[in-house]
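Encoded as structure tokens, the structure appears first; notes follow it.
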Amino acid sequence: MPRHEAMLYELLQGNRVRCNLCARRCIISDGGVGFCGVRRNEGGKLYSLSYAVACAANVDPIGKKPLSHFHPGALVMSIATVGCNFRCQFCDNWSISQERDIVGRDFPPEEVVRATMEHGCQGISYTYTEPTIFFEYAYDTAVLAHKHGLFNTFVTNGYMTLEAIEIIAPYLDAATVDFKGGGDPEFYRKFSMVPSVEPIFEALKEMRKRNIHVEVTNLVVPKIGDSIERIKELASWIRENLGEDTPFHLLRFHPDYKLTDIPSTEIRTLEKAYEAAREAGLNYVYLGNVPGHKYENTYCPSCRELVIKRFGFDIVRWNLTADMRCPKCGRQIAIKGKFHRTGLSFPYPVI
Ligand code: SF4
């Protein structure tokens with residue numbers, strides 16, 4: 001079985017170790033494995049078992065992450081290994097996130113970077129499962145990617161320690177941080193086996209402090225995690241702590257894994273959540289998993305001119321000046337990086 005010595009762990013008495021990558025800070029006995037299933041203590045040394053064993057590697061439009069204000073139109077090489085530090089009962093990637101055998105194919109960092117460039121991608125996304133749990137693989141790949149002029153993005157549940165963020169920050173250009181159920185602690189305890197949501201908020205503030213481009217998502221789960229009031233509270237927190245220009249994506253839930261008796265989120269509920277987040281003062285709010293909806297688009301916060309038209313993950317019309325301003329009123333639109341035409345797809349239905 002491949003293994004690679006872990007980063008960020010400490011030796012305790014009796015050959016036990018503490019892993020300090022994610023906020024669980026598992027204490028692992030000799031021979032034991034952490035909660036995520038991919039980090040094992042062997043004689044007082046912690047090893048990553050999934051290093052360079054990719055269970056997924058795909059070329060995706062950056063809009064799929066979703067990142068709407070970072071290198072719009074770019075293509076990214078998306079990689080993942082098995083394992084996760086959450087147990088979300090609704091996970092749509094459960095077949096890999098909850099897998100406990102280390103399955104996948106050898107895909108070392110040098111090959112990931114080479115494949116990224118060969119496929120015409122501008123960056124790499126560490127995604128599908130939680131990148132914190134394959135941190136060493138992500139870190140080595142990210143360092144190499146920067147040397148080749150590629151950017152790196154994490155799609156993460158945000159349950160990272162501040163130490164982990166400090167280490168990856170020089171190489172991490174953007175992060176999508178995913179909330180579920182509006183960040184309700186009870187929802188996290190009951191449906192994801194997460195004892196506290198506080199570390200996610202701390203991680204977000206740390207990313208902001210370290211100048212990592214951040215976009216926040218929230219999965220709106222009918223009946224059990226669709227409180228409009230809570231979504232408004234989360235939006236207010238984002239505005240106060242991350243800034244009013246932070247993109248906020250409200251994602252439609254689809255039944256999956258163990259929560260198949262809950263229906264998809266109604267469009268009207270998503271629209272109410274959108275309105276609440278706008279009322280909380282956020283400039284860029286989006287609906288996700290609703291291809292063709294008008295709230296997939298970017299509108300100028302000042303004059304409401306449609307400046308980026310989308311369908312699903314693709315950009316179908318780009319209506320910004322070369323210096324990323326609204327063509328109608330001249331307001332600067334908060335976008336990091338440049339526009340890449342690789343992600344443009346025609347034709348798509350126009351609403
Ligand atoms: S990364 Fe895994 S082993 Fe480390 S603290 Fe988190 S769940 Fe535990």
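For the numbers below, each heavy atom of this structure counts, side chains included, while hydrogens, waters and symmetry mates do not. Indexing begins at 1, ligand by ligand and atom by atom, following the structure's order. Remember, it's a predicted structure, so these values are computed and weren't measured experimentally.
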As a test of understanding, state which of Tyr274, Tyr284, Phe248 forms a ring pair (Phe, Tyr, Trp, His ring centres under 6.0 Å) with Tyr295.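 Testing each of Tyr274, Tyr284, Phe248 against Tyr295, the sole residue satisfying ring pair (Phe, Tyr, Trp, His ring centres under 6.0 Å) is Tyr274.
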Atoms of the protein (N/O/S only) found under 2.8 Å from atom 4 (Fe) of ligand 1: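 Hits for atom 4 (Fe) of ligand 1 below 2.8 Å: Cys19 SG.
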Is the Tyr51 ring parallel, tilted or perpendicular to the His4 ring (thresholds 30°, 60°)?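 Tyr51 vs His4 ring planes: parallel.
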Would you call the rings of Phe154 and Phe135 parallel, tilted or perpendicular, taking 30° and 60° as the class edges?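 Geometry flag for Phe135 against Phe154: perpendicular rings.
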With the 4.5 Å side-chain cut-off for hydrophobic clustering, are Ile315 and Met324 part of the same group?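 Yes; tracing contacts between hydrophobic side chains, which count when under 4.5 Å, links both residues.
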Can you name the residues that form a side chain to side chain donor-acceptor pair (under 3.5 Å) with Arg16, not counting sequence neighbours?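 In terms of side chain to side chain donor-acceptor pair (under 3.5 Å), with neighbours along the sequence ignored, Arg16 is linked to no residue.
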Under 3.5 Å, is there a donor on one side chain and an acceptor on the other for Asp173 and His146?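 Asp173 vs His146: donor-acceptor pair found between side chains.
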